[in-house]
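Lettering of chains follows the sequences in order, A, B, ..., and the numbering in each one begins at 1.
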Number of protein chains: 2
Amino acid sequence: MADAEYVNIWMRPERPARGPKPVYSRAQITEAAIRIADAEGLEAATMRRIAAEIGAGAMSLYRYVPSRDDLVELMADRVMGEIDVTGMPSGDWRADLTRYADGLRAMWLRHPWIATVQRSLPSFGPHQLLLIERLMGVLDAFVSIDENLGLVAILAGYVEGTVREEISAAEEVRRSGLSEAEWMARSSPYIDQVVKSGDYPIFTKIVIEARQPHLSRDDQFRHGLQRVLDCVAAALAGA
Amino acid sequence: MADAEYVNIWMRPERPARGPKPVYSRAQITEAAIRIADAEGLEAATMRRIAAEIGAGAMSLYRYVPSRDDLVELMADRVMGEIDVTGMPSGDWRADLTRYADGLRAMWLRHPWIATVQRSLPSFGPHQLLLIERLMGVLDAFVSIDENLGLVAILAGYVEGTVREEISAAEEVRRSGLSEAEWMARSSPYIDQVVKSGDYPIFTKIVIEARQPHLSRDDQFRHGLQRVLDCVAAALAGA
DNA sequence: CCTCCACTGGGTACGTTGTACGCGGTTGCA
DNA sequence: TGCAACCGCGTACAACGTACCCAGTGGAGG
């Protein structure tokens, strides 16, 4: 029981004191893994593949990262850092929350594999800590911590829910390996069958709506976001 | 190009015409897989393990299910069916949405592995179709399809977001294989270190809040849900 | 009635995964 | 000048999903 076994990645120092200079780095490995996951999905980012990407042997990665799960944690925190929250809170909470929501959505669209990570524990990496600090700071002056957590949950839930939907079709196409046209041709028979059965009138309305040109994704998102922010405003006024 | 290769599980018939009576069934296999996943996590529900659970050989499962991914789809749709939406819409939209939210949350708590599924495509199994039909029916008379989808996204996003948080700690404990007390002892040093650094005052407030006894999870959930429903009410009034 | 073959359960085997272990070389401190 | 701590990485292994093949089985056509 002398030396602690680290439970948490963030407590494990990257570099020890003595010995030869490491050739690679956690950041470099994480970057390579993200690059692969962006292009071919998280399941393509295997240890061997990542190692090959940076020109290392497979087992070399384990000098930098305790396990693949931990590496995924590093990846997740790394992309969290892409969300720009500098200067928050600015005093204009509506602008701040809008900027956060846009940034979160853009990040998810850049890194769709994030949807499949969402592991149980939040893990509180440095980027995520900063994000929490700034984001929760936006409403901190107006409401209690409990209330704040609830409102942020609604906001984040909305963004993640809608962006998941945006991602889904594209990811399914990529997974199947088919072209988009082929995939559409393959999957529509089932939808058609459901629609033709006549048992699902509302679902049918959704399908029809989805198949004709409508508002751009961005506009749809913005519209729903305004609803959520109105909800926040109501909560602030009530408090 | 004569016979179609099915893209979708739901288009593939379970039983062919001739030959000996199958000993097992899709439902039985799905049930066993859910049982294992509930107790030991989705990653424990391997094909061999599931087969052993029902007393079959590993490869026998493939007579019923084309692949493990498809089986997971079956599992997901099966647990969707646990959400009781009979008699919706009842005319009282607030009661309906509350019942749905409670049911969804309870289902997630029973089957925490659902958080790690959330695959890209919704897949539209029979239970999910029914759920969509009933749930979207609740607000169908009051708002447009677009508006309805947006409001439901907010609701579902809130439920999934908060329940994910509820699940996370428990799942992490299970994954680590440690007892809860051991796990707390292992992970708190990191949190303490973050708090003691003094760089994260708001995060510190969250930790303090979380560590003292507070409202029950249920009450917290209900409270936030009321906020979301108020938001829906505002949208209905504005339309 | 027999014959046929589409079906059954399941054993064996292969490719791929994460990663434990150990090697020989390199570096900073005593 | 050692020596212990570190490096990159080759080998090896267990567990995974699943392709392939087999011997049996039972309903349909004669």
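- Considering only the side chain of A/Thr46, C/dG18 comes nearest among C/dG9, D/dC7, C/dG18.
- The residue from A/Val159, A/Leu155, A/Asp84 that alone fulfils the side-chain contact (heavy atoms from CB on, under 4.5 Å) condition with A/Tyr100 is A/Leu155.
- Atom CG of B/Leu61 is separated from atom P of C/dG9 by 10 Å (rounded to the nearest Å).
- You'll find that the side chain of A/Ser67 is closest to C/dT19, out of C/dT19, D/dC9, D/dG17.
- Proximity note for A/Arg63 (side chain, C-beta onward) versus D/dC9, C/dT17, C/dG9: the nearest is D/dC9.
- Looking at which nucleotide of DNA chain C each of A/Ala58 and B/Ala58 is closest to, the 5′-most match is held by B/Ala58.
- We find that CG of A/Leu71 is positioned 15 Å from C1' of C/dT17, with the value rounded to whole Å.
- Candidate nucleotides D/dT11, C/dG10, C/dT17 were compared by shortest atom distance to the side chain of B/Met59, and C/dG10 ranks first.
- Per the geometry, CG belonging to A/Asp69 stands 16 Å off P belonging to C/dT17, to the nearest Å.
- Note: CD1 (A/Ile29) to C1' (D/dC9) measures 13 Å, nearest angstrom.
- Per the geometry, CD1 belonging to A/Ile54 stands 12 Å off C1' belonging to D/dC9, to the nearest Å.
- In this pair, B/Phe203 and A/Phe124 present their aromatic rings perpendicular. The plane angle is above 60°, beyond the 30 to 60° band.
- Heavy atoms of B/Ala51 sit nowhere under 4.0 angstrom from any nucleic acid atom.
- Of the listed nucleotides (C/dG10, D/dT18, C/dT17), C/dG10 has the atom at the smallest distance from the side chain of B/Tyr24.
- Spacing between atom CD1 of A/Ile50 and atom P of C/dG18 amounts to 8 Å, rounded to whole angstrom units.
- Distance alone, capped at 3.5 Å, is enough to place a donor-acceptor pair between the A/Arg174 side chain and the A/Glu40 backbone.
- The CZ atom of A/Arg48 sits 12 Å away from the C1' atom of D/dC9 (whole-angstrom rounding).
- Residues A/Pro201 and B/Glu133 meet the side-chain proximity criterion, which asks for heavy atoms closer than 4.5 Å.
- Of the candidate nucleotides D/dG27, D/dG8, C/dG18, D/dG27 has the atom nearest to the side chain of B/Lys21.
- The CZ-P distance, from B/Arg26 to C/dG9, rounds to 13 Å in whole Å.
- When the nearest nucleotides of DNA chain D are assigned to B/Ala45 and A/Val23 by heavy-atom distance, the more 5′-ward of the two goes with A/Val23.
- Judged purely by atom type and a 3.5 angstrom limit, A/Arg78 has no side-chain atom pairing as donor or acceptor with the backbone of A/Thr30.
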